[in-house]
Amino acid sequence: MAAEAAERFEAELDLLLAMYPESLSFSPKARELKYVYCNDESSGKPPAILVLRLPDTYPLDGSPEFISATGHYKEDLRSTINSTFRSIRAPAGEEVLDVLLLAFGDLVSSQDNSNLRTTTQETRQSKLKESDVSTNKTVVIWLHHLLNTNKRKLALNPLLNNSKISGVTKPGYPGVLVFSGERNTVESHVSELRNQRWQAFQVRYETNDGLWEFKHGPGIYEVESMSDVAQSIVNPQQRDIFLSSIGIK
C-alpha cells in the first residue's frame, strides 16, 4: 500500500511541477506542498499562498491538511477553502491536488472581485463602460488527457442555447481546447467543463482582445492532432500564440 501511494503521489507531483514550475514546491521531510498564486503580477500585490500537509498514505488514504491559506491581502482563507473542498466531494482514494489548486485560485480571484466592489459608484460605472468594449474572450486550455466520450461531447456542445462560440478540441494525450466567442458564453462553457473530474485542467492563455477565426467557420469542431488545431486558426499571429501557450514554439 505504501509503495503504491508513493508511486501515485510522485506521478501526480511531477505533473503539477510541470504545470506550475514557478509556483509550486514540495518539502519531502515535512510532507508539505506550497503553492504561490498571483493572478496579476503587474498589480504589485503580494502573492496568495496555500500550504498543504499530505499524509504518508495519500492519495490511497487520507486527505490533504490545510496548514495555511492566505489571500493577496493576508486574509485567512483556510475555513473558506476547506468548505469549498468539502463541497467538491472528491472520491476517496483519488488524486485531488490539482482540484485544490484550481479551487484556491478561483477563491482568491473571487476575493479580489469582492474588494473591487468596494470602490466608488463613479469608478464602477467607469469600469462598466470599459468592460462593454471587451465583450469577447478567447481561451486555450491544456488537459492531461481528453478521452471520455461524455466530456468530448460536452466540450463540443455548450449548455447555453444559441451560444455564440467557436473553437477546436483535440482529444487524446494531451487534450487541448480552444474557444473564442462572447465573453459570458466562453466563461460559462469553461466553468461547466472545469466542474468535471480532470487529472489536470489548466488555462494556458486567455484574452479579451478580439475574436479568433477558424477555417471551419462558426461552431466548435474536433480535430485529430495538435497540428490540426494550429492549422485551423486563421490568423498566423494567433496561431503562434497558441503554439507558444502549449509549449511547442
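Every heavy atom of this structure was used, including side-chain atoms; hydrogens, water molecules and symmetry mates were not.
Of all heavy-atom pairs spanning T185 and K164, the tightest one is CG2-N, 4.2 Å. Across all non-hydrogen atoms, the minimal contact from G181 to V186 is N-CG2, 3.5 Å. Of all heavy-atom pairs spanning L193 and K151, the tightest one is CD2-O, 4.4 Å. When all heavy atoms of A69 and I81 are compared, the closest pair comes out as CB-CG2, 4.1 Å. A pairwise comparison of heavy atoms in K45 and C38 identifies O-SG, 4.3 Å as the closest pair. The heavy-atom pair separating D98 from A200 by the smallest distance is OD2-CA, 3.3 Å.
Using a 4.5 Å heavy-atom threshold, the side chains of L146 and W198 count as touching. Contact check for N82 versus T80: no side-chain heavy atoms found under the 4.5 Å cut-off. A 4.5 Å side-chain heavy-atom check between I220 and V168 finds every atom pair outside the cut-off.
Rounding to the nearest 0.5 Å gives a distance of 6.5 Å between OG1 of T169 and CG of L177. The OG atom of S68 lies 10.0 Å from the CZ atom of R53; values are rounded to the nearest 0.5 Å.
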S109 vs Y37, side chain to side chain donor-acceptor pair (under 3.5 Å): CA-CA, chis, key distance, verdict: CA-CA 10 Å; S109 296; Y37 175 80; 3.1 Å; yes
From CA spacing to verdict: side-chain contact (heavy atoms from CB on, under 4.5 Å), F9, F26: CA-CA 12 Å; F9 171 62; F26 179 66; 3.6 Å; yes
Are R183 and T135 close enough, and set up right, to give a side-chain contact (heavy atoms from CB on, under 4.5 Å), and what steps lead you there? CA-CA 5 Å; R183 184 176 58 192; T135 57; 5.6 Å; no
Under the criterion side-chain contact (heavy atoms from CB on, under 4.5 Å), I'd like the reasoning laid out for N235 against E213: C-alpha separation, chi angles, the key distance, then a yes or no. CA-CA 7 Å; N235 187 302; E213 294 184 3; over 6 Å; no
Go through Y35 and L100 one step at a time and tell me if the side-chain contact (heavy atoms from CB on, under 4.5 Å) criterion holds. CA-CA 10 Å; Y35 177 49; L100 282 176; over 6 Å; no
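Between F66 and F104, the distance separating the two ring centers is not shorter than 6.0 angstrom. For F242 and Y205, the ring centers sit 6.0 Å or farther from each other.
Sequence neighbours left out, not one pair with a member in residues 75-97 passes ring-ring contact (aromatic ring centres under 6.0 Å, His included). Contacts classified as salt bridge (charged side-chain N to carboxylate O under 4.0 Å, His left out) and involving residues 195-205 (residues at least two apart or in different chains) are given here: E94-R197. Sorted by first then second residue, the side-chain hydrogen bond (donor to acceptor under 3.5 Å, both in side chains) pairs that include residues 214-227, not counting sequence neighbours, are R152-E222, S225-D228. Listed by first then second residue, pairs satisfying salt bridge (charged side-chain N to carboxylate O under 4.0 Å, His left out) with a partner in residues 10-21 number zero, not counting sequence neighbours.
Put simply, the side chain of S244 never gets that close to the backbone of I241: no donor and acceptor are under 3.5 Å apart. Put simply, the side chain of S180 gets close to the backbone of W212: a donor and an acceptor are under 3.5 Å apart. In terms of modelled atom types and a separation under 3.5 Å, the side chain of W142 and the main chain of S245 share no donor-acceptor contact. Judged by distance alone, with hydrogens and angles left aside, the side-chain atoms of Q202 form a donor-acceptor pair with the main-chain N or O of M19 at under 3.5 Å. Remark: the backbone N or O of Y73 is paired with a side-chain donor or acceptor of E75 at under 3.5 angstrom. No donor-acceptor pair under 3.5 Å is formed between the side chain of R8 and the backbone N or O of P59. Under the 3.5 Å distance criterion, the side-chain polar atoms of S188 are left unmatched by any main-chain donor or acceptor of N184. A donor-acceptor pair under 3.5 Å is formed between the side chain of N157 and the backbone N or O of K153. A distance-only check finds no donor-acceptor pair linking the side chain of H145 to the backbone of P174 [under 3.5 Å]. Listed for the R31 side chain is a donor-acceptor partner under 3.5 Å among the backbone atoms of L54.
Linking Ile, Leu, Val, Met, Phe, Trp and Tyr residues whenever their side-chain heavy atoms come within less than 4.5 Å places L102 and L33 in a single cluster. Residues M226 and V234 fall into different hydrophobic clusters, defined by Ile, Leu, Val, Met, Phe, Trp and Tyr side chains chained together at heavy-atom separations under 4.5 Å. Under a hydrophobic clustering in which Ile, Leu, Val, Met, Phe, Trp and Tyr are joined whenever their side-chain heavy atoms come within less than 4.5 Å, directly or via other members, V36 and L24 fall into different clusters. Grouping the Ile, Leu, Val, Met, Phe, Trp and Tyr side chains by contacts below 4.5 angstrom, directly or via other members, places L50 with F201. There is a path of hydrophobic side-chain contacts, each under 4.5 Å, that joins L243 to V176.
Think of L147 as one node in a network of Ile, Leu, Val, Met, Phe, Trp and Tyr side chains linked at under 4.5 Å; its network also takes in Y173.
Looking at residues two or more places apart in sequence or on another chain, you find a side chain to side chain donor-acceptor pair (under 3.5 Å) between E187 and K137.
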